[in-house]
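A quick write-up on the structure given underneath.
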Amino acid sequence: MSSLNHPHIINIYEVFENKDKIVIVMEFASKGDLYDFINEKHRLSEEAARHVFRQIVSAVHYCHKVPK
């Protein structure tokens with residue numbers, strides 16, 4: 001997953017694992033995550049929802065077309 005390079009996918013830089021826990025070092029999302037964004041707004045306008053949905057579809061499409 002760390003080889004993905006897309007503007008709407010958070011980068012994973014490193015993963016540390018031991019018997020007690022897994023630590024994932026990720027890119028910082030300065031505006032928070034999608035859940036908090038939607039929860040804060042309570043309701044998105046159709047235009048805002050369309051914008052978010054296009055970003056999600058773009059990221060999913062990228063994941064499906066990247067050679068494995």
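Position 1 is the first residue of the sequence, and the numbers go up from there. Since the structure is predicted, the reported quantities are computational estimates derived from the model, not experimental observations.
The side chain to side chain donor-acceptor pair (under 3.5 Å) search around His51 returns Gln55, not counting sequence neighbours. By the side chain to side chain donor-acceptor pair (under 3.5 Å) test, His61 pairs with no residue at all, sequence neighbours left out. For Glu17, the side-chain contact (heavy atoms from CB on, under 4.5 Å) criterion is met by Ile22, not counting sequence neighbours. Remark: Phe53 pairs with no residue by the ring pair (Phe, Tyr, Trp, His ring centres under 6.0 Å) rule, at least two apart or across chains.
Between the OH atom in Tyr62 and the CG atom in Asn5 there is a gap of 5.5 Å [rounded to 0.5 Å].
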Apply side chain to side chain contact (heavy atoms under 4.5 Å, CB included) to the pair Phe16 and Val25, showing each step before the final yes or no.
CA-CA 8 Å; Phe16 301 101; Val25 180; 3.7 Å; yes
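Grouped with Leu44 in one hydrophobic cluster are Leu34, Phe37, Ile38, Val52, Ile56, Val60, the linkage being side-chain heavy-atom contacts under 4.5 Å among Ile, Leu, Val, Met, Phe, Trp and Tyr residues.
Pairs passing the side-chain hydrogen bond (donor to acceptor under 3.5 Å, both in side chains) check and including a residue from residues 18-46, sequence neighbours excluded, read Asn11-Glu27, Glu46-Arg50.
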